[in-house]
There are 2 protein chains.
Amino acid sequence: MYVDAKKLYDFSVKCFNQAGMSSEDAKTVTDTMIVADSRGIHSHGFLRLPIYIERIKKGFITTDTEMEVVKDQNSISVLDGKFAAGQVVGKKAMETSIEKARETGMGLSVVRNSNHFGIAAYYASMAAEQNMIGIAISNVEPLMPAIGGAEKIIGNNPIAIAAPSKEGENPIVLDMALSNVPLGKILVASTKGESIPEGWGVDRKGEPTTDPNDVKDGGFLYPVGGPKGFGLALLTEILTGVISDGQYSKNIPSMYNLEEKQSISHFMLAIDVSVFLGPENYAEKIENVISFVKDSKKAPGVEETFLPGEIEFKREEANKDQGVPMSEEVFAQLLKLSGEVNIPLNV
Amino acid sequence: MYVDAKKLYDFSVKCFNQAGMSSEDAKTVTDTMIVADSRGIHSHGFLRLPIYIERIKKGFITTDTEMEVVKDQNSISVLDGKFAAGQVVGKKAMETSIEKARETGMGLSVVRNSNHFGIAAYYASMAAEQNMIGIAISNVEPLMPAIGGAEKIIGNNPIAIAAPSKEGENPIVLDMALSNVPLGKILVASTKGESIPEGWGVDRKGEPTTDPNDVKDGGFLYPVGGPKGFGLALLTEILTGVISDGQYSKNIPSMYNLEEKQSISHFMLAIDVSVFLGPENYAEKIENVISFVKDSKKAPGVEETFLPGEIEFKREEANKDQGVPMSEEVFAQLLKLSGEVNIPLNV
């Protein structure tokens, strides 16, 4: 189903306002959810609104704190998010990196004590819109085992990298998590009674399985490419939770654990393209790269080859007229929230 | 078989010397090959010595050029490798980044007009040995198709990330290429008459296959995780060949093409850990991370879970007494080279 974007936006902002969040911050968080659902990345869309509101009410996501600059040195900032919403912290951290990059050519902010920040592409793209290459990484609660392990020790940490495209076009933006597939795909296979390819998950004992129910029932998502995804997860954990002096790995509780604060860390790097080459030179090179992908010889039955992020931007564009796509289950949860907070959702 | 390390080292240095390379540079290149073979990464070991020598003789790898500093600004350097050996250029580029990081907290060097640099871990680890996090990326000639494509448009670009470990121990170092598996694994399956899992490669038409011969005979390696590996390859191409103002993607010829120079680009980032947190604090956190991996609950039959790079360091350690491990085919090639250049290989 599709939900009117304007009405959904207003509902969401009002929910956050009522929970104590400023309108500016409420708009930031809401914007990331609109973008996520519009691009078809529903795991980071309005599915999360009820839990965000609940965590604000518990005091685990704060609405009245000021981010602290712990360190500011040349191209580097270390920030403390003071447990504000991840989207608010993430945006300010990337803004800080972009500012640094404008002054020095490159800016890196690492930030601790944040929360779930939604889609990583949002922050990496902020840099790309300023003619910079942006890299946005976050740690998350542990979801994957070590290679050969049988307990969750590491997150499927999202990594986004965005680069400016041709003038006036959407950036080239990769946004990936480090599990082979998201849990949602396992759940879909389970519902349909289908088997899953080896490598998607392991069972509760840590053994390979092609039965999605083995993964669902106490099993684990598996890192993309095995040791490659595991290695990236471990090193990005160091680049986020460890060097931000924050929390990491098994020390991070789930966002669905309603007993504890999370302390999530982000790594935001912005690299100013204009330091390296002039705008015409970059434009020419990036057009070549794009044409290598788009004009590539294709496999039988394949009509189009896509740039990183292109499919998501096309979906977003296609949804502009129809509204925000959403499952009926998620919409039902929003209606339930609407009743609880007494804010109408008249879509 | 195992080859005496000292004698192999001397042979290799003499071959490079005879071809016109300074002893210092010859030692650098030789050292990376010793390390690669000793760690079991034979694709970047002495297998490459004959082609390196041949490319030097053709003038495609230069021995008498000076790297040029094209730009030097705050934490950033842009370098021109002037077609010297990739190991020589790569090492100098990471040294430049480390120096910058010592001054400013972070250093990024991008370098164009280099050559194949061997194992990426070598350069990332240089930073880790200086209490820095190192990231080393290179582009390579195109080996993989776009998703749904049927021609080589992008390299399986190597990415290495290294972080300091406990005092006196080997760094935690991920070194991965962006194909699901290296071509060598496909060739082994072909020789053994075994099938390969879906996702390792596609046939010459770009269609999925489980027959290694389909990949071998005009087919293509496939990116790890499909769009994830492809996206990383494309964005790392931008971070190397595009912003270095060098060559990229389909413009890069194979190193086995003896008609043309290659122009390979590298991206070398060093981040000084001490800017972010004190040595005791880092040590405590990294010990926790290590224990989460090493002390993890294990799957049945699994005796040990490993850190990124740990298996390779263990192999290197084990080989210290035995010599440099090598296939008989590679050794035969070295003997052939020995005859051609008239430098004895008395191992």
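Naming: A, B, ... by sequence-line order, numbering from 1 per chain. Remember, it's a predicted structure, so these values are computed and weren't measured experimentally.
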Among B:V242, B:V78, B:I286, residue most engaged with chain A (heavy-atom pairs, under 4.5 Å): B:V242
A:E207 atom CD, over 12 foreign heavy atoms within 6.0 Å: yes
Check: B:T305 and A:F230 side chains under 4.5 Å, non-hydrogen atoms: no
Top contributor to chain B contacts, counting heavy-atom pairs under 4.5 Å, from A:P227, A:G225, A:A177, A:P142: A:A177
From B:L307 atom CG to A:L234 atom CG, the distance as rounded to the nearest 0.5 Å: 6.5 Å
Minimal non-hydrogen separation, A:A150 against B:A299, with atom names: CB-N, 3.9 Å
Heavy-atom pairs under 4.5 Å with chain A, option from B:G241, B:P308, B:P300 with the top count: B:P300
Chain B contact via A:I133 - side chain, backbone, both or neither, heavy atoms under 4.5 Å: side chain
Value rounded to 0.5 Å, distance of OG in A:S249 from CD1 in B:I290: 11.5 Å
Side chain to side chain, A:V173 and B:L235, heavy atoms closer than 4.5 Å: no
Side chain to side chain, A:M176 and B:L232, heavy atoms closer than 4.5 Å: yes
Point-to-point distance, once rounded to the nearest 0.5 Å, from CG of A:N288 to CD of B:Q247: 9.0 Å
Within-4.5 Å side-chain heavy-atom neighbours: A:F306 and B:I147: no
Gap separating the NZ atom of A:K152 from the NZ atom of B:K297, nearest 0.5 angstrom: 12.0 Å
When A:G206, A:A146, A:G148 are compared by non-hydrogen pairs under 4.5 Å with chain B, the top option: A:G148
A:V70 and B:F276: CA distance, side-chain angles, deciding distance, side chain to side chain contact (heavy atoms under 4.5 Å, CB included) verdict: CA-CA 9 Å; A:V70 180; B:F276 297 88; over 6 Å; no
Heavy atoms of other groups near A:K205 NZ, more than 12 under 6.0 Å: no
Any donor-acceptor pair under 3.5 Å from B:K71 side chain to A:V275 backbone: yes
Straight-line distance of B:S165 OG to A:I238 CD1, nearest 0.5 Å: 8.5 Å
Greatest number of heavy atom pairs closer than 4.5 Å to chain A - which of B:L277, B:D245, B:T236: B:D245
Heavy-atom contact with chain B under 4.5 Å, split by part of A:L108: both
Segment of A:V110 engaging chain B (4.5 angstrom heavy-atom cut-off): side chain
Side chain / backbone / both / neither for A:D295 at chain B, heavy atoms under 4.5 Å: backbone
More than 12 heavy atoms of other groups within 6.0 Å of A:K185 NZ: no
Most chain A-contacting option - heavy-atom pairs closer than 4.5 Å, from B:I243, B:I153, B:V302: B:I243
A:K228 side chain to B:L178 backbone, donor-acceptor under 3.5 Å: no
Under 4.5 Å from a heavy atom of chain B, the part of A:E103 involved: backbone
Check: B:N74/A:N74 side-chain N/O donor and acceptor closer than 3.5 Å: no
Atom pair CZ/CD of A:F292 and B:E151 - distance to nearest 0.5 Å: 9.0 Å
Top contributor to chain B contacts, counting heavy-atom pairs under 4.5 Å, from A:I76, A:V273, A:V224: A:I76
